[in-house]
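Residue numbering restarts at 1 for every chain, and letters A, B, ... go by the order of the sequence lines. Only a predicted model underlies this, so the values are computations on that prediction, with no experimental measurement involved.
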Amino acid sequence: MRNAGKALVIIVLLLLGIGFLLLASASSVKGMDEAGDIFFYVKKQLFWLFLGVLGAIGAALFDYHWLHKVKLNLFLIACTAILLMLVFAPHIGKCIKGSHRWIQVGPLSIQPSEFAKLTIVIMLSTWMTLKGRFATNIKQGLAVPLFALAAMLGLIFLEPDYGTTFLLAGVGAGIMFLGGTRTSHLVASGTLGLMLFVLAVMHNPVRLMRFLSFVFRDAYPDAAYQLTQSETSFALGGVWGVGYMKSMQKLYFLPEAHNDFIFAILGEERGLIATLGVLFLFVLLMLFGFSISRRAPDRFGSLLAFGMTMLLSLEAFINIGVVTGCLPTKGLALPFMSAGGSSMVSSMVAVGVLLNVARHIETADEHMRSIKDKDVYALEKAPEVSRGVRFQKT
Amino acid sequence: MNKPGNLIGWLRKKLNGISRLWIVECLLLLAFGAVGARLVYLHAGPNEVRIQKAQDASEFTKSLVPFRGRILDGSRNPNILAISLGVHDICANPQMLTAATNTELAVSILSAYLKMSKEDVRYKLRFSDKKFAYVKRFVTRDISERLWTQITNNHIKGIYLEEATLRSYPQNNQACHVVGFVNNAGVGSLGVEMTLNSSLTGTAGVVKGMRDGKKHEIYTRRTEEIQPIQGDDVILTLDQQIQYFTEKALDDAMAQHSARAAWAVVQRCRTGEILAMASRPAFNLNEYGAETDMSRMTNRVLSVVYEPGSTLKPVTLALAFTEGLVTPETMFDCENGSWFYMGRILRDYHPYSRLSVADIIKKSSNIGTAKIALMMGDEKLHKGLRAFGFGRKQGVELPYEEYGILPRLEKWSGLSCSRIAIGQGIAVTALQMAGMMSAIANDGFLLKPYVVKSIASSDGKPRFTAEPVVLGRPIDSKVAALMRYLLARVTEEGGTGTRARVEGFKVAGKTGTAQKPVPGGYSETAYMASFAGFLPADKPEITIVVVVEEPQPYHTGGVVAAPVFAQIAEQTVRYLNLEPTEPVEGAPGAAAPAP
């Protein structure tokens, strides 16, 4: 695990390579029909990849401790909130199938919730680091970060984008859990949140139908169509797959084949070997990400690395869980693979931040740590107030 | 026994030393492991049903509708009587259309191009839970293609075109009863369209292959393609020109005599071909659906039976000659027009005291004919009528042909022989009368009437060519020649059929005036006026039978039906370019010897 950064780069490159080959096949029919070019989506995605690589390099090069600055955090939060609200603005916001998830900027559509992901990770990491041992306090450790998180999630929830809401709730809870919030506090508020979520779902006929069709699939064959087709794709692929470019399901049998359900096309074309392989790559991504978090030079870096890893691996897990019928259908992309610009850029930036933290592992020394990590400083100076603080040693 | 508090305390103690990151890591690993297990199950588990369903869903089969064959007339440059045109049915998915945001735009475009009111369009789309509805069927291609451009330009979803064929009858109501029509399901329902439906329909083709999730065919994965075989063309014996003469003559007669109905048939007597067959009132083939009076669709020539009256007398005479019972010179006492026989009085229209057999037919004496029939006896008359084709189908290729009513011999009373001989107590069709007349004209050979001259495939290969069929020979050629001579006298001065004469031709025929049977006897006011004959009398070419039902105020065959015969015959012989057999008055070569 010493060269976690290098391993991470190799994993991401592998995922990107497989992703682009897969996208070329899965989006060919749709691209041909919509733009007369079978590589239409691939070209579009290449442009976003270019932006993503720039973002990743940028995120990797500067010192991540900049992100710890409170003013920068406030600025990021303000920007994200404005962007999230802009999706409802006429002319600027774009509505597809009843969801206001996009902002139209010239020819590009941007999904603000993708950038909210990064903001939330940075914001919570900063807060939990600042509060340090006071995280056990119900106000400092639970109420304030939960309020900030809930405000952001509320905006995303209104779009509505339940998938991202769910994902970010998980990631946020994870950062708070690691940051030292009491487990009982988290469990209690998690239960409350879940109840609110269930209430909201029950008031939305579309989502309720999705959930019901997930549970009682035979009773709602129309609503469960996408899920059934997705599972059929895996069955058609078998162990070895039907062969590259030979997918039948991408011919409009499987809706969103190039997008949220691209993993099913991988299953059909390349079979069990490929799907397990990609799953394994995401597991490796998670392991190396957590390894970086574990060995980060300071608490902020640790939380940041943990949050970014959670973003990528939890999203991958939810996406694959949905595609395989383990979870109810949500509109979440598969990182590095699904067509979608904002998702590509935010995932690449997340990887960049992870690399940034990894870069600092080697250069860290005790001197810098004690200056930058207030908790360690506080712990060393005042051990008598450290009772109850579950501080994780890096 | 641990208290719950103790258990939590124990857990806390255990977990205290463990890093929280490790807990999260383990949970995620477990989750990924579960998904991996699910993947193995989905890929390699029991999934035959899923695979079968997917293969069924991607199967594509479409039948290609063949064009129905044409119906042509038998003239030298065939005229089209029926043809199929490629058209579109405008279909809609009301569910998709009413759910869309641009429903109103769609309705207004449809109403503008299809020339329907918006209410009508909305009415067609009223079942918003259904996935299929016809907006309008059989729309010509120029309209449907312009409509389609509008629909695609406005991004309207839920409207589509379906290939269809429309049966079109360029001549509207000409020969409507012979040609017939095709119902909405594409099945012939009258006339030749019905009887030759299988030849006209052709064979559907099929395309097999795969389709995508939008149910569109994937052209590159087509596995089977069988083109449809277009329906065969049917060429009728009918001649559009002669048909026109006939229909015109009937229309004139209907107007002139305020008749209820009228029908006529023109037959080539040497072959049995039907050159024209018309029935009035008629209907428009292109608007058959709007027709409310179903009697207009009756082909009266072969579907209506009537008492023929005097037109049947030639049969009695011909049979008597064949039996050698009488000669044309044999004299009969015609009882001064009123003969009391078997408790009933039989009357003649004009009273005569004595008439030769030749004059009995010329003057159409009922009493004389009845006496000849009584000499012959029931059995021979019945057998002879059967031999002439009465009481049975002639076998023409048209539906709903009637048998006529020839009572079985056991049911004949003492009076039957004398009445049937003069055409009462027997019912016939005009087609049977034409057959009888043609048999006399054709040296005694009774021929099967037919309307289909040939059938050819769409690329011109002949499939069937009709040939004359002899049904029987009731009389020999000597008797036939004698009958032709006697029937020709009917149209001479002093005969009943002088109005059937055609300039330049000797016409043979027989008039008929029959009272219509009503419950309990015969009507005093309703008559059937008819004329059956052929020309030229010595070298017959065409047979024509004309029947007019309930003419007013004149009602005799000689006054009502004979002129119709003459009108049809005159135009037909000129059209067929028959050589005149008699000198034409006033013509340069008219200095022929007086008869």
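For B:Asp89, the salt bridge (Lys or Arg N to Asp or Glu O under 4.0 Å) partners two or more places apart in sequence, or in a different chain, are B:Arg137.
In this structure, chain A has heavy atoms under 4.5 Å from both the backbone and the side chain of B:Ala57. With a 4.5 angstrom heavy-atom cutoff, A:Phe306 touches chain B only via side-chain atoms. Both the backbone and the side chain of B:Leu29 come within contact range of chain A, with heavy atoms under 4.5 Å apart. Residue contact with chain A, scored on non-hydrogen atoms closer than 4.5 Å, involves the backbone and the side chain of B:Val40 alike.
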Give the intermediate values and the outcome of side chain to side chain contact (heavy atoms under 4.5 Å, CB included) for residues A:Met310 and B:Leu28.
CA-CA 9 Å; A:Met310 277 292 272; B:Leu28 269 176; 3.7 Å; yes
Would A:Leu251 and B:Ile218 count as a side chain to side chain contact (heavy atoms under 4.5 Å, CB included) if you check the C-alpha gap in whole Å, the side-chain angles of each, and the deciding distance to 0.1 Å?
CA-CA 9 Å; A:Leu251 290 159; B:Ile218 307 162; 3.4 Å; yes
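Nearest heavy atom pair, residue A:Thr324 against residue B:Arg38, reads O-NE, 2.7 Å.
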Distance-only donor-acceptor pairs under 3.5 Å for side chains of residues 93-102 of chain B, two or more places apart:
unit_1, atom_1, unit_2, atom_2, d
B:Asn93, OD1, B:Gln95, N, 3.2
B:Asn93, OD1, B:Met96, N, 3.2
B:Thr98, OG1, B:Pro94, O, 2.5
B:Thr98, OG1, B:Gln95, O, 3.4
B:Asn102, ND2, B:His155, O, 3.4

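By the 4.5 Å heavy-atom criterion applied to side chains, B:Val35 and A:Leu279 are counted as neighbours. Residues A:Phe290 and B:Val24 have side chains in contact (heavy-atom distance under 4.5 Å, counting atoms from C-beta outward). Using a 4.5 Å heavy-atom threshold, the side chains of B:His216 and A:Tyr252 count as separate.
Rounding to the nearest 0.5 Å gives a distance of 8.5 Å between OG1 of A:Thr309 and CG of B:Leu21. Atom CD of B:Glu25 is separated from atom CZ of A:Arg294 by 4.5 Å, given to the nearest 0.5 angstrom. Interatomic distance, NZ of B:Lys53 versus CG of A:Leu236, reported as 13.0 Å (0.5 Å rounding).
Using modelled atom types, no side-chain atom of B:His43 and backbone atom of A:Val239 make a donor-acceptor pair closer than 3.5 Å. At distances below 3.5 Å, not a single donor-acceptor pair connects side-chain atoms of B:Arg50 with backbone N or O atoms of A:Ala235.
Atom OH of B:Tyr113 sits in a crowded spot, with more than 12 heavy atoms from other residues, nucleotides or ligands closer than 6.0 Å. Counted within 6.0 Å of OH on B:Tyr134, heavy atoms from surrounding residues, nucleotides or ligands total more than 12; the atom is thus considered enclosed. Within 6.0 Å of the OH atom in B:Tyr160, the count of heavy atoms belonging to other residues, nucleotides or ligands exceeds 12. Other residues, nucleotides and ligands place no more than 12 heavy atoms under 6.0 Å from the CZ atom of A:Phe280.
Most heavy-atom pairs under 4.5 Å with chain A, from the set B:Ala31, B:Ala44, B:Ala54: that is B:Ala31.
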